[in-house]
Amino acid sequence: MIKLWMMTCLQLAELFVSTIVHLLYGFYIFSSAVAGDILLTVNDYLFKSNVDFNDVGETGQNQTNVEGLPPIVLVHGIFGFGKGRLGGLSYFGGAEKKDERVLVPDLGSLTSIYDRARELFYYLKGGRVDFGEEHSEACGHSRFGREYERGQYPEWDEDHPIHFVGHSAGAQVVRVLQQMLADKAFEGFEETNESWILSVTSLSGAFNGTTRTYFDGMRTDDGISMKPICLLQLCRIGVIMYDWMDISWLKTYYNFGFDHFNISWKKAGVRGLVDCLMGNAGPFASGDWILPDLTIQGSTSLNSNLKTFPNTFYFSYATKRTRRVMGMTIPSGVLGIHPMLFLRVFQMSQWRFPQDVSPPYKGYRDEEWQENDGALNTVSMTHPRLPVEHPNQFIRSDSECQTLQPGIWYYKIVEADHIMFIVNRERAGVQFDLIYDSIFQRCRKHVFRKIPQTLPNQSLSSPPSLTQ
């Protein structure tokens with residue numbers, strides 16, 4: 001009895017600490033965005049008369065120069081945001097400025113992998129987001145979402161393929177999108193195929209799930225439902241209240257992406273709010289949100305329908321902040337771990353799947369899942385391996401990627417926590433530039449199907465450099 005009481009107290013204390021840390025980090029991000037917006041507004045007001053109109057001509061010329069380049073699309077992860085959200089704050093730490101043609105879509109930060117993949121397609125191609133009739137009916141939301149009057153890359157097709165870079169869950173979104181393209185799953189776009197995607201680069205990608213979902217509150221026995229008292233339950237209540245209040249300026253600033261569930265007070269009323277809070281309606285009731293897709297069971301189920309295609313190039317940067325010492329896994333580089341992730345790095349390094357629950361897959365071993373970056377397990381980030389391992393090759397240096405073969409996941413392990421290469425680029429220092437420079441250079445210089453594309457200010461007669 002005393003042991004049970006002590007365990008309960010420890011769990012409640014851990015929940016309290018985790019909640020406070022996450023709230024403080026969320027407040028820091030939000031306040032940073034607001035402060036940046038205020039500073040930008042003041043700066044524009046004070047110096048608007050000093051605009052050099054010659055810059056306009058240069059911008060127009062640069063746009064013309066990059067017209068022939070395939071876009072590099074940066075896809076954010078869970079709780080992420082794209083261009084236009086949170087003021088001038090950049091989810092990718094300003095990495096989008098490193099190349100002449102980069103797109104940063106704003107997708108639902110907590111919506112399911114499936115819904116985000118659908119939205120990503122229409123963001124690029126244009127049109128009203130169609131989640132599909134069967135899926136929408138099963139999950140209890142509207143079939144259609146936001147309207148993209150003109151896609152960011154309407155010419156997108158097999159002859160005009162795209163490079164994708166996905167962080168965290170964003171990498172899995174791209175894989176699901178490619179499978180949808182191969183399956184011709186978009187009504188009215190029967191000509192799609194997997195070759196619309198030229199390359200996929202994963203940065204701490206969530207390919208095979210993560211044990212963190214269980215620490216945050218997902219049940220280990222099914223990987224779908226939540227424990228009654230946990231961090232995710234508090235998150236669920238906060239998200240429902242945020243969407244139900246439907247404060248327009250606030251949702252313009254940041255949106256969880258559940259508008260197609262129609263849970264605002266204008267449409268659902270008080271009764272709808274009660275149904276959502278009681279778990280009888282909404283995304284958390286139907287399971288059509290991102291956390292079930294990130295459990296080991298959910299990822300395995302999702303992966304069973306996803307392929308690695310022979311005409312696409314694949315790269316992966318797996319991160320970790322742990323090391324093995326005398327048979328034990330412990331946090332490494334303690335001062336380099338973000339405070340929001342430190343507790344989870346330690347917990348995940350000591351992970352043991354409950355003995356009274358069946359393992360998530362045949363051959364499961366706890367030790368393989370203990371190396372982590374505070375959000376994902378390193379074994380999950382290298383390449384798709386559940387339920388079937390996809391072709392892969394481990395590399396130690398980016399220089400090994402100069403002779404490439406499509407259809408193979410080239411992966412590298414980097415010492416970093418999960419958010420080292422996003423939001424705050426100063427944390428990563430020079431490593432930030434090394435990572436993104438190698439990604440963009442690879443897309444522009446080493447990955448092509450027919451002939452190398454001509455970069456801006458590069459003549460057709462001069463071959464691209466083969467060095468990185």
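Keep in mind it's a predicted model, so treat the numbers as computed, not measured.
- Looking at heavy atoms from C-beta onward, Ile337 lies in side-chain contact with Pro331 at the 4.5 angstrom threshold.
- Closest non-hydrogen pair, Leu343 versus Ser18, comes out as CD2-OG, 3.8 Å.
- Using modelled atom types, one side-chain atom of His167 and one backbone atom of His418 make a donor-acceptor pair closer than 3.5 Å.
- Distance check, rounded to the nearest 0.5 Å: CH2 of Trp196 to NZ of Lys125 gives 4.0 Å.
- His163 places a side-chain N or O within 3.5 Å of a backbone atom of Cys443 that can act as its donor or acceptor partner.
- Between Arg385 and Glu368 there is no salt bridge, since no side-chain N of the basic residue sits under 4.0 Å from a carboxylate O of the acidic one.
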*Walk me through it: do Tyr91 and Ser109 pass the test side chain to side chain donor-acceptor pair (under 3.5 Å)?*
CA-CA 12 Å; Tyr91 178 86; Ser109 63; over 6 Å; no
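- With hydrogens and angles disregarded, a donor-acceptor distance shorter than 3.5 Å links the side chain of Thr210 to the backbone of Ala375.
- In this structure a side-chain-to-backbone donor-acceptor pair under 3.5 Å is missing from Ser349 to Ile330.
- In this structure the side chain of Phe315 never reaches within 4.5 angstrom of the side chain of Ser438, judged on heavy atoms.
- Expressed to the nearest 0.5 Å, how far CG of Leu110 lies from CZ of Arg116 amounts to 9.0 Å.
- Ring orientation note: the planes of Phe258 and Phe261 are nearly perpendicular, at an angle over 60° on the 30°/60° scale.
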*Verify side chain to side chain contact (heavy atoms under 4.5 Å, CB included) between Phe189 and Phe121, making sure each step is shown before the conclusion.*
CA-CA 11 Å; Phe189 297 91; Phe121 175 84; 3.7 Å; yes
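- Under the 30°/60° scheme for interplanar angles, the aromatic rings of His260 and Phe131 are found to lie parallel.
- Although no hydrogens or angles enter the test, the distance criterion places a donor-acceptor pair under 3.5 Å between the side chain of Thr295 and the main chain of Pro292.
- The shortest non-hydrogen separation linking Glu415 to Ser332 is OE1-OG, 3.6 Å.
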*Please step through salt bridge (charged side-chain N to carboxylate O under 4.0 Å, His left out) for the pair Glu367 and Arg324, ending with a clear verdict.*
CA-CA 10 Å; Glu367 295 78 12; Arg324 299 281 293 180; over 6 Å; no
*asked:* Would Tyr314 and Tyr410 count as a ring-ring contact (aromatic ring centres under 6.0 Å, His included) here? Give the steps.
replied: CA-CA 6 Å; Tyr314 299 92; Tyr410 294 90; 9.7 Å; no
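- Contact between Asp106 and Arg146 at its shortest, heavy atoms only, is O-NH2, 3.7 Å.
- For the residue pair Asn311 and Glu194, no side-chain donor N or O sits within less than 3.5 Å of a side-chain acceptor on the partner.
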_Assess the residue pair Gln370 and Thr329 against the criterion (side chain to side chain donor-acceptor pair (under 3.5 Å)); give the C-alpha distance rounded to whole Å, side-chain angles, the decisive distance to 0.1 Å, and a yes or no._
CA-CA 7 Å; Gln370 291 175 347; Thr329 305; 3.3 Å; yes
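- Between Tyr254 and Phe81, the ring planes lie perpendicular to each other; the angle is over 60°, past the 30° to 60° tilted range.
- Proximity of a side-chain donor or acceptor of Ser301 to a complementary backbone N or O of Gln297 within less than 3.5 Å is not detected.
- Of the possible donor and acceptor atoms, one in the side chain of Arg118 sits under 3.5 Å from a partner among the backbone N and O of Asp130.
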